[in-house]
Amino acid sequence: MKAYAVILCGGSGSRMGKKENKTLLKIGGVPSAVRCARAFAPAVAGTVLVARAGDEKLFRDALAAYGVPALAVVPGGEDRQSSALAGLRALPADADIALIHDGARPFVTEEIVRRVMESVEKYGSGVAAVPARDTVKRADPDGRVLETLDRSELWQMQTPQGFPVRDLLRAHETAPGRYTDDAALMEAAGYPVRLVMGGYDNIKLTSPEDLRMANGMLTPRVGTGWDAHRLMEGRELWLGGVKIPYEKGLLGHSDADAALHALTDALLGAAALGDIGKLFPDSDKKYKGISSLILLEEAARAITGRGFSIGNVDVTILAQAPKLAPYIPQMREKIAGALRIGADQVSVKATTSEGMGFEGRGEGISAQATAVLFR
């Protein structure tokens, strides 16, 4: 059976105190909606994002920036139920199962997705949920307790919520009212709903406290890198992916961009993937004269392929000459593009050694870098 994901991203950020759509807020450097799409990608045949009307391009750009595929980004409706229906109607004809997910749940995992899919295939439905941990009481509008509910029978609903596409569409067509999730819709339409274990980390972003909690749940991985190359005549000077006008350039097997080499080492170190020489040995002729931006892009793919996202990077270039300040904004843009992150996540600084050392004597240029990753 072919399963497709429908990720609902129509929520505003008003309760977050933010102007932008809350599913575009970054958690560990990656927008919530992108994190969701990444989790579904290995398990489903395709993904449709449902955005607030007018926000479609923002989501297409976000997915493209992080290299995450999606079949379509379509406008939603006035509430969750109509948005879910818009996503269902955008699915291809071969869709057997729809997994409806809230784009504000950035910590959904592939394991949860597969549990839901397996339940739909076996029982005809699968809804991620977790047993209630706290005692729950029913009270009147004045706060007077009416009864204490049996916690052993209570579950907190999450997403994804999976059902056969045919049944979901029929439930939408016959729905007697408006419902806050697909499970309630299916219940009202007379379909059995089966719960599967979600995850207590599968939280939903609603308030500023949720956003702080989400970022706090991520454990950072920090890596450092250092590189240096000799200056010589007859070579082009490349630093931070930018060609710098100067009478000398750095000597090396590639373009000898010390700044990008240090940054690549920092990223690989944070992910415990070795160093630049391990991935791109200077004994390999295919790397001779290669742009270090290409090496940085390949290293970034290796890192994200192992489930890491980039929080931020910081590069310091040590050179007596030439003056690098005019080129720093362009360096930041080049690095951000190679890493598929925002320029606000990239810091580049340049300084001198006050005439000391090989940098001060104009014999070479060195660079050091720090990178923070999240898993």
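Position 1 is the first residue of the sequence; numbering continues from there.
Annotation for Glu233: atom CD does not count as buried by contact number, only 12 or fewer foreign heavy atoms lying within 6.0 Å. Around atom CZ of Arg89, no more than 12 heavy atoms belonging to other residues, nucleotides or ligands sit under 6.0 Å away. Atom NZ of Lys349 sits in a crowded spot, with more than 12 heavy atoms from other residues, nucleotides or ligands closer than 6.0 Å. Heavy-atom contacts from other residues, nucleotides or ligands closer than 6.0 Å to CZ of Arg60 number more than 12.
The line from CD1 of Ile112 to CZ of Phe40 is 9.0 Å long, rounded to the nearest 0.5 Å. Taken from CD in Gln158 to NZ in Lys204, the straight-line distance is 11.0 Å, to the nearest 0.5 Å. Between atom CG of residue Asp182 and atom OH of residue Tyr191 there is a gap of 13.5 Å, rounded to the nearest 0.5 Å. Taking CD1 from Ile97 and CE from Met117, the interatomic distance works out to 6.0 Å, rounded to the nearest 0.5 Å. Rounding to the nearest 0.5 Å places CG of Asn312 at 9.5 Å from CG of Leu373. To the nearest 0.5 angstrom, Leu251 atom CG is 8.5 Å from His229 atom NE2.
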Item to complete: Would you sort out whether Ile365 and Leu237 count as a side-chain contact (heavy atoms from CB on, under 4.5 Å), showing the intermediate values?
Response: CA-CA 10 Å; Ile365 291 175; Leu237 178 58; 4.1 Å; yes
Item to complete: Give the intermediate values and the outcome of side-chain contact (heavy atoms from CB on, under 4.5 Å) for residues Val127 and Trp155.
Response: CA-CA 11 Å; Val127 174; Trp155 288 67; over 6 Å; no
Item to complete: Given side-chain contact (heavy atoms from CB on, under 4.5 Å), test Ser291 with Trp238 step by step and report yes or no.
Response: CA-CA 9 Å; Ser291 167; Trp238 288 88; over 6 Å; no
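With a 4.5 Å cut-off on side-chain heavy atoms, Glu118 and Lys122 do not count as touching. Looking only at side-chain heavy atoms (C-beta outward), Glu236 and Asp255 stay at 4.5 Å or farther from each other. Side-chain contact check for Ser292 versus Ile276: every heavy-atom pair is 4.5 Å or farther apart. For the pair Ile100/Leu168, a side-chain contact is recorded, criterion being any heavy-atom separation below 4.5 Å from C-beta on. Residues Leu24 and Asp55 form no side-chain contact, since every pair of their non-hydrogen atoms from C-beta on lies 4.5 Å or further apart. The side-chain heavy atoms of Val313 and Leu339, taken from C-beta on, include a pair separated by under 4.5 Å. Side-chain contact between Lys2 and Pro92: absent, with no pair of heavy atoms (C-beta onward) separated by less than 4.5 Å. Looking at Pro164 and Val120, their side chains come closer than 4.5 Å, going by heavy atoms from C-beta outward.
Of the possible polar contacts, one joining the Gln320 side chain to the Gly355 backbone as a donor-acceptor pair under 3.5 Å is found. A donor-acceptor distance shorter than 3.5 angstrom exists from the side chain of Arg115 to the backbone of Gly198, with no hydrogens or angles considered. Checked by atom type and distance alone, the side chain of Arg105 pairs as donor or acceptor with a backbone atom of Asn202 at under 3.5 Å. Judged by distance alone, with hydrogens and angles left aside, the side-chain atoms of Arg221 form a donor-acceptor pair with the main-chain N or O of Ala270 at under 3.5 Å. Here the side chain of Arg306 pairs a donor or acceptor atom with the backbone of Ala302 at under 3.5 angstrom. Between the side chain of Glu56 and the backbone N or O of Val73, no donor-acceptor pair lies under 3.5 Å. Side-chain atoms of Arg340 come within 3.5 Å of backbone atoms of Ala64 as a donor-acceptor pair (strictly under, hydrogens ignored). No donor-acceptor distance shorter than 3.5 angstrom exists from the side chain of Ser119 to the backbone of Val116, with no hydrogens or angles considered.
Taking hydrophobic clusters as Ile, Leu, Val, Met, Phe, Trp and Tyr residues chained together by side-chain heavy-atom distances below 4.5 Å, Val346 shares a cluster with Ile294. Note on Leu293: it clusters hydrophobically with Leu263, by side-chain heavy-atom contacts below 4.5 Å among ILVMFWY residues. Using a 4.5 Å cut-off between side-chain heavy atoms of Ile, Leu, Val, Met, Phe, Trp and Tyr, with links allowed through other members, Leu8 and Ile203 fall into different hydrophobic clusters. Transitive grouping of hydrophobic side chains (ILVMFWY, heavy atoms separated by less than 4.5 Å) brings Ile27 and Met213 into a common cluster. Cluster annotation: Leu318 and Leu250 are assigned to distinct hydrophobic clusters (Ile/Leu/Val/Met/Phe/Trp/Tyr, side-chain heavy-atom contacts under 4.5 Å, transitive).
For the residue pair Ala262 and Ala367, the shortest heavy atom distance occurs at CB-O, 3.5 Å. For the residue pair Met157 and Leu195, the shortest heavy atom distance occurs at CE-CD2, 3.7 Å. Annotation for Gly311 and Gln345: closest pair O-NE2, 3.0 Å, computed over non-hydrogen atoms. Taking every heavy atom of both residues into account, Leu99 and Pro160 meet most closely at CB-CB, 4.3 Å. Listed here is the closest heavy atom pair of Tyr4 and Asp94: OH-OD1, 2.9 Å. Annotation for Ala321 and Tyr246: closest pair CB-OH, 3.7 Å, computed over non-hydrogen atoms.
Salt bridge annotation for Glu110-Arg114: present, with a cationic side-chain nitrogen under 4.0 angstrom from a carboxylate oxygen. At a threshold of 4.0 Å, the pair Glu209-Arg212 counts as salt-bridged, since one of the basic side-chain nitrogens sits closer than that to a carboxylate oxygen. Taking 4.0 Å as the cut-off between side-chain N and carboxylate O, Lys278 and Asp275 do not count as a salt-bridged pair.
Tyr66 and Arg38 share no side-chain donor-acceptor pair at under 3.5 Å. Side-chain atoms of Asp314 and Thr370 form no donor-acceptor pair, as typed in the model, at a separation below 3.5 Å.
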